[in-house]
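Down below is the structure, laid out as structure tokens.
Computed over heavy atoms, backbone and side chain alike; hydrogens, waters and symmetry mates excluded.
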Amino acid sequence: MEKTIKLLSGEKIYLRPLEYDDVDFLFALFNDPTVRYFTGTTEIIVRKQIENFIEKSANINSRVDLIICDQENNLPIGDINLISIDRNNRSAEVGIKIGDNQYQGKGYGTEAMKLLLDYCFSALNLHRISLTVYEYNPRAIRSYEKVGF
């Protein structure tokens, strides 16, 4: 039996690397109407794109993609990523999606963001993290404010 890698672990959630078994979860997450609305996603995403991305993502030095999992049941509940990592200027952009409604607005995203930011500043030695959020997403804005944005 394969052991789950908990790259970053918190009280309610842990972050782990992408796995091939995540294709169905990510397909559903990226195509969820609510997630698409709050992230401003307009492109159509198909399974093959996700499969290709998972295969190639481990070799892309300018990004880190992680799955957010519930500590109690090990189920994936979202994803969080660093993109545009610039090691010379020590900066990156962060993005997060929580899919299942039962996990939204309950601190899971805030905890995931805290874990990732700590990783950014301590392990990756970055100095500047940015993000984009739409004004019609007040729940995300509150979460980002809680972690220092």
Side-chain angles (χ1 to χ4, degrees), residues 4-47 49-54 56-58 60 62-86 89-149:
T4 300
I5 296 172
K6 295 182 179 183
L7 183 64
L8 303 169
S9 194
E11 185 180 317
K12 295 194 268 188
I13 57 99
Y14 64 88
L15 308 180
R16 66 163 173 78
L18 298 177
E19 299 171 356
Y20 288 110
D21 292 343
D22 293 321
V23 171
D24 289 339
F25 169 73
L26 291 172
F27 180 74
L29 179 68
F30 295 161
N31 287 295
D32 179 277
T34 303
V35 170
R36 292 175 65 82
Y37 173 73
F38 283 122
T39 60
T41 302
T42 56
E43 70 180 286
I44 295 170
I45 298 168
V46 297
R47 274 188 171 79
Q49 287 173 289
I50 295 168
E51 291 169 3
N52 291 340
F53 177 75
I54 289 174
K56 295 175 183 176
S57 68
I60 302 173
S62 62
R63 64 182 299 138
V64 173
D65 294 280
L66 301 167
I67 297 292
I68 305 167
C69 293
D70 184 325
Q71 282 280 25
E72 284 186 24
N73 57 26
N74 293 317
L75 291 175
I77 64 168
D79 79 329
I80 190 165
N81 49 58
L82 286 175
I83 60 171
S84 305
I85 299 172
D86 182 337
N89 291 309
R90 297 163 76 179
S91 64
E93 241 181 283
V94 67
I96 185 172
K97 293 178 271 322
I98 302 290
D100 193 324
N101 195 355
Q102 75 178 22
Y103 292 102
Q104 295 174 356
K106 296 182 178 154
Y108 292 91
T110 301
E111 184 174 340
M113 190 65 76
K114 283 180 184 177
L115 289 171
L116 188 68
L117 290 174
D118 183 55
Y119 176 74
C120 288
F121 295 127
S122 61
L124 297 180
N125 200 26
L126 299 178
H127 283 201
R128 182 178 50 240
I129 307 298
S130 62
L131 58 79
T132 300
V133 63
Y134 294 102
E135 66 183 39
Y136 56 80
N137 193 349
R139 189 168 44 203
I141 292 168
R142 280 191 308 277
S143 176
Y144 300 148
E145 288 172 344
K146 286 180 191 176
V147 298
F149 283 97

Holding to side-chain hydrogen bond (donor to acceptor under 3.5 Å, both in side chains), I want the full list of residues that pass it with S62, two or more places apart in sequence or in another chain. none
What residues form a side-chain hydrogen bond (donor to acceptor under 3.5 Å, both in side chains) with Q104, not counting sequence neighbours? R139
Spell out, as yes or no, whether a donor-acceptor pair under 3.5 Å connects the side chain of R36 to the backbone of E43. yes
Check step by step if side-chain contact (heavy atoms from CB on, under 4.5 Å) holds for Q71 and K6. CA-CA 10 Å; Q71 282 280 25; K6 295 182 179 183; 3.0 Å; yes
What pairs with D65 under salt bridge (charged side-chain N to carboxylate O under 4.0 Å, His left out), at least two apart in sequence or on another chain? R63
Under the side-chain hydrogen bond (donor to acceptor under 3.5 Å, both in side chains) test, which residues partner D22, sequence neighbours left out? R16
Partners of D118 by side-chain contact (heavy atoms from CB on, under 4.5 Å), sequence neighbours excluded? S122
Take I45 and I50 through the test side-chain contact (heavy atoms from CB on, under 4.5 Å) and record every step on the way to the result. CA-CA 8 Å; I45 298 168; I50 295 168; 3.9 Å; yes
Quiz: residues 128-138 side-chain donor-acceptor pairs under 3.5 angstrom, not counting sequence neighbours:
from, atom 1, to, atom 2, distance (Å)
Y136, OH, Y37, O, 3.0
N137, OD1, A140, N, 3.3

Nearest-0.5 Å distance that lies between atom CG in L82 and atom CG in L116: 4.5 Å
Quick check for you: to the nearest 0.5 Å, what is the distance between I67 atom CD1 and I13 atom CD1? 12.0 Å
Return the set of residues passing side-chain contact (heavy atoms from CB on, under 4.5 Å) with N52 (not counting sequence neighbours), or none when no residue passes. K48
Hey, could you give me the OG1/CD1 distance between T34 and I98, rounded to the nearest 0.5 Å? 13.5 Å
What distance separates L15 CG from Y119 OH, expressed to the nearest 0.5 Å? 10.5 Å
Within the structure provided, determine whether I96 and Y108 are in side-chain contact (heavy-atom separation under 4.5 Å). no
Compare every heavy atom of E51 with every heavy atom of V23, then report the nearest pair and how far apart it is. CG2-CG, 3.8 Å
Would you call L26 and I54 a side-chain contact if the rule is heavy atoms closer than 4.5 Å? yes
Using salt bridge (charged side-chain N to carboxylate O under 4.0 Å, His left out) as the criterion, list what pairs up with R47, not counting sequence neighbours. D24
In terms of heavy-atom contacts, K56 and I60 come closest through O-CG1, 3.5 Å
Rounded at 0.5 Å granularity, tell me how far NZ in K12 sits from OH in Y103. 11.0 Å
Min side-chain heavy-atom separation I80-L115 under 4.5 Å: no
Counterpart residues, ring pair (Phe, Tyr, Trp, His ring centres under 6.0 Å), relative to Y14 (two or more places apart): none
side-chain contact (heavy atoms from CB on, under 4.5 Å) against E72, all qualifying residues, sequence neighbours excluded: D70
N89: partners by side-chain hydrogen bond (donor to acceptor under 3.5 Å, both in side chains), with sequence neighbours left out: D86
Using every non-hydrogen atom in the two residues, find where T110 and S143 come nearest and quote the distance to one decimal. OG1-OG, 2.7 Å
Quick one: which residue pairs count as a salt bridge (Lys or Arg N to Asp or Glu O under 4.0 Å) with a foot in residues 92-110, not counting sequence neighbours? D79-K97
How close do F149 and L117 get, heavy atom to heavy atom, and via which atoms? CE1-CD1, 3.8 Å
To the nearest 0.5 Å, what is the distance between SG (C120) and CZ (R90)? 12.5 Å
Just by modelled atom types, is the C69 backbone N or O under 3.5 Å from a matching donor or acceptor in the N74 side chain? no
